[in-house]
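Below, read A as the first sequence line, B as the second, and so on, with proteins coming before strands; counting in each chain starts at 1.
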Amino acid sequence: MPFRDGFGKTWGLKGKVASVFGNNELARSVSEALRKEGINVVDECNPQTSILITIPSDMNQTKTNSLDISPDCWSTRMRDLFENPRQITQQNLPSIKGRKNGRIIHLIGSFEPNKFSVDYAAWGATAAWAKSITRALDGFDTTVNMIQSGVSFGDPLMEKVPMGRGCRVTDITNLVLFLCSDYSSYINGAIIPVDGGLSRFWR
Amino acid sequence: MRVSLAGKRAIITGASQGIGRGVFEVFAQLGVRCVTAARRKNILEEHSKEVIAMGGIAPVPIEVDLFEAGAASYLFEQAQGALGGVDILVNAAGRSKAPDAPRQTPFHHPSELWEKELHLNYVVLRELTFAVLPSMQARKFGRVINVTGKSEPEKLSTANPPKAAVHAWSKGLSRSIAPDGVTINQISPGKIVSEQILANYSAQELEAYGKKDIPLGRLGTPQELGYLAAFLASPEAGYITGAVIPVDGGMKRYAF
Ligand SMILES: NC(=O)c1ccc[n+]([C@@H]2O[C@H](COP(=O)([O-])OP(=O)(O)OC[C@H]3O[C@@H](n4cnc5c(N)ncnc54)[C@H](OP(=O)(O)O)[C@@H]3O)[C@@H](O)[C@H]2O)c1
């Protein structure tokens with residue numbers, strides 16, 4: 001195996017175009033991390049896009065104590081966590097399919113129901129759908145993966161995190177960069193938890 | 001690739017062929033000092049020369065038969081002596097079936113043969129992990145990476161139960177060692193070009209398999225798995241633990 005150019009020193013992402021969809025601190029940090037690697041980050045559909053990253057604006061778990069949830073609340077979360085990423089992906093697919101080493105990365109939350117919440121169904125929908133589009137992309141040089149982020153500092157669940165701390169932005173951006181790079185070329189349809197060991201089940 | 005692995009010390013089992021060999025190539029190029037372990041030391045030595053010629057760090061090849069009693073502690077002691085400590089353990093030795101076993105495990109497959117596969121694919125890797133853990137915990141840094149298999153039992157197979165055992169055992173373990181900065185993760189390969197894969201399937205079968213069952217349309221290379229192992233071994237992946245991550249081109253069927 002020959003040495004690759006810059007092996008050990010760079011992610012080799014310079015000059016690529018990435019569309020990052022999301023309007024929160026995490027989305028801004030991801031965009032900044034990509035820019036530092038020389039990626040041109042845009043926040044709309046672009047014919048040059050080969051990397052698509054979707055980050056729902058409100059990833060914090062919806063707090064409810066009763067089963068009495070309005071239909072509106074159900075559909076809002078389904079739209080924000082599943083329908084929006086799905087539609088954005090659909091819109092960006094033509095440009096991604098036309099490029100080499102296409103990368104689609106969805107940020108998702110836990111779907112292990114530790115209590116009642118409207119969010120689990122929506123995350124589950126996103127995960128099942130994202131896995132299924134890998135089959136529709138048969139024959140294209142494009143991978144679809146999910147990063148399942150843990151809880152951040154200050155979250156009530158934090159005391160249950162085996163690693164003993166909340167999730168830092170760099171925990172996520174490091175994996176984003178790895179997944180964007182050519183070094184992840186055979187990882188497809190994976191859900192990778194970045195949660196300090198919080199989840200109870202392995203996947 | 002950008003990961004801070006230079007100067008780290010690793011044991012890689014199954015390093016003479018396939019996945020373990022690919023992991024070693026990636027690690028050596030990233031500046032990791034490796035103990036490479038397998039039964040065929042001559043292959044380890046030949047390969048070591050190639051990797052050094054490409055600019056990789058010289059490994060310490062160690063001959064060990066993991067079927068022998070006491071093999072895990074022997075390997076750990078040898079590595080401890082050669083490297084002065086172990087920061088990373090990659091368990092890549094294993095197999096989907098014994099070379100002379102039938103492709104399809106029969107109902108009447110003898111118990112001692114089931115036990116042999118359980119030993120190689122689970123027991124040894126657990127023993128090695130427990131051998132390296134105390135010093136990793138004391139140093140507040142450690143990485144264990146197990147190469148397992150897909151958790152999708154297509155048919156009766158001697159490999160599935162031990163691989164599933166690794167997944168369950170390491171998830172539990174991950175919770176108790178996380179506070180010490182030690183992570184344990186599993187990589188589950190789909191079809192990666194390796195010695196056993198080439199021995200067990202014909203070229204035509206593999207091509208058809210790639211086209212029909214793998215969304216990326218091809219088999220993977222050992223290095224493609226090695227890059228993920230390198231990422232997981234790095235400090236940059238310190239918040240990922242207790243995970244099972246497929247490197248399979250999209251082959252497995254279940255979403256989650
Ligand atoms: N390749 C795939 O697509 C695939 C799919 C699913 C799971 N896996 C798993 O991935 C791991 C690596 O498989 P591979 O495909 O890379 O296999 P491989 O090419 O056949 O290599 C197996 C390695 O394990 C070593 N080994 C086997 N038995 C040993 C023993 N008793 N003592 C010491 N070393 C031993 C072999 O070295 P010596 O013969 O020199 O001792 C060799 O280096 C296995 O656990 C396998 O089950 C692989």
Side-chain angles (χ1 to χ4, degrees), chain A residues 1-4 6-12 37 111 124 127-132 134-144 146 150 161-165 167-168 170-172 174-175 177-178 181-203, chain B residues 1-3 5-6 22 25-26 29-31 51 54-56 151 167-168 170-171 174-179 181 183 186 190 192 211 214-225 227-228 230-231 234 236-256:
Chain A
M1 184 188 72
F3 263 57
R4 287 204 190 180
F7 193 65
K9 297 181 188 69
T10 97
W11 286 112
E37 298 297 320
F111 36 68
W129 157 78
K131 171 71 183 162
S132 71
T134 61
R135 304 256 162 205
L137 286 167
D138 230 333
F140 289 97
D141 197 8
T142 297
T143 65
V144 186
M146 286 152 275
V161 178
M163 202 64 79
R165 64 169 175 89
C167 187
R168 295 186 187 121
T170 48
D171 294 323
I172 304 286
N174 290 339
L175 179 59
L177 290 171
F178 174 71
S181 77
D182 291 2
Y183 298 107
S184 69
S185 48
Y186 206 59
I187 304 179
N188 192 15
I191 300 175
I192 307 182
V194 183
D195 67 357
L198 178 64
S199 57
R200 300 254 155 189
F201 190 69
W202 58 88
R203 56 175 60 80
Chain B
M1 191 100 192
R2 184 189 283 175
V3 291
L5 280 176
E25 287 176 3
V26 172
Q29 293 187 29
L30 290 170
V51 170
M54 291 189 296
S151 332
H167 291 168
S170 58
K171 181 68 184 166
S174 72
R175 302 188 142 251
S176 33
I177 59 179
T183 69
Q186 284 56 244
I192 306 288
K211 289 223 159 66
I214 304 175
L216 288 182
R218 61 174 177 90
L219 270 68
T221 66
Q223 291 81 13
E224 283 179 301
L225 194 147
Y227 297 132
L228 175 63
F231 177 71
S234 74
E236 283 82 355
Y239 205 59
I240 304 179
T241 191
V244 177
I245 307 178
V247 177
D248 69 354
M251 181 176 104
K252 75 181 172 67
R253 300 264 156 184
Y254 62 97
F256 52 86

message: Heavy-atom cut-off 4.5 Å, strictly under: side chain, backbone, both or neither for B:Ala6 against chain A?
response: neither

message: For B:Ser176, which atoms come within 4.5 Å of any heavy atom of chain A: side chain, backbone, both, or neither?
response: neither

- prompt: Which atoms form the tightest heavy-atom contact between B:Glu224 and A:Ser185, and what is the distance?
  reply: OE2-OG, 2.5 Å

query: If you tally heavy-atom pairs under 4.5 Å against chain B, which of A:Gly12, A:Ala128, A:Ser184 wins?
result: A:Ala128

task: Nearest 0.5 Å please: distance from the CE atom of B:Met251 over to the CZ atom of A:Arg135.
output: 9.0 Å

message: I'd like to know which of A:Ala136, A:Gly189, A:Cys167, A:Ser132 tops the heavy-atom pair count under 4.5 Å against chain B.
response: A:Cys167

field: Under 4.5 Å from any heavy atom of chain A - which part of B:Leu5
entry: neither

Leading residue by heavy atom contact count with chain A [cutoff under 4.5 Å; candidates B:Gly250, B:Ser170, B:Ala237]: B:Gly250

task: Measure A:Thr134 against the heavy atoms of chain B and call it side chain, backbone, both or neither at under 4.5 Å.
output: both

- prompt: For A:Leu175, is it the side chain, the backbone, both, or neither that has a heavy atom closer than 4.5 Å to a heavy atom of chain B?
  reply: both

- prompt: With A:Tyr186, which of B:Thr221, B:Leu228, B:Leu225, B:Val247 fulfils side chain to side chain contact (heavy atoms under 4.5 Å, CB included)?
  reply: B:Val247

- request: Identify which part of A:Phe111 has an atom lying under 4.5 Å from any heavy atom of chain B, answering side chain, backbone, both or neither.
  value: side chain

task: Heavy-atom distances under 4.5 Å only: say whether A:Val161 touches chain B with side chain, backbone, both or neither.
output: side chain

message: Once you measure the plane-to-plane angle for A:Tyr183 and B:Tyr227, does it fall in the parallel (<30°), tilted (30-60°) or perpendicular (>60°) bin?
response: perpendicular

query: Just by distance, do the side chain of B:Lys252 and the backbone of A:Ala190 share a donor-acceptor pair under 3.5 Å?
result: no

message: Quick check: do A:Arg168 and B:Tyr239 have side-chain heavy atoms less than 4.5 Å from each other?
response: no

- prompt: Where on A:Leu198 is there a heavy atom nearer than 4.5 Å to chain B: the side chain, the backbone, both, or neither?
  reply: backbone

statement: Closest heavy-atom pair, A:Asn174 versus B:Glu236, reported as atoms and distance to 0.1 Å, is ND2-O, 3.0 Å

message: Only pairs of heavy atoms separated by less than 4.5 Å count here; which of B:Ala178, B:Pro215, B:Gly190, B:Ala230 has the most with chain A?
response: B:Pro215

field: Nearest non-hydrogen partners of A:Thr142 and B:Leu216, listed with the distance
entry: O-CD2, 3.8 Å

Top of B:Gly249, B:Gly217, B:Ala255 for chain A proximity - count of heavy-atom pairs under 4.5 angstrom: B:Gly249

statement: Closest non-hydrogen contact found for B:Arg2 with A:Trp11 is O-CZ2, 3.2 Å

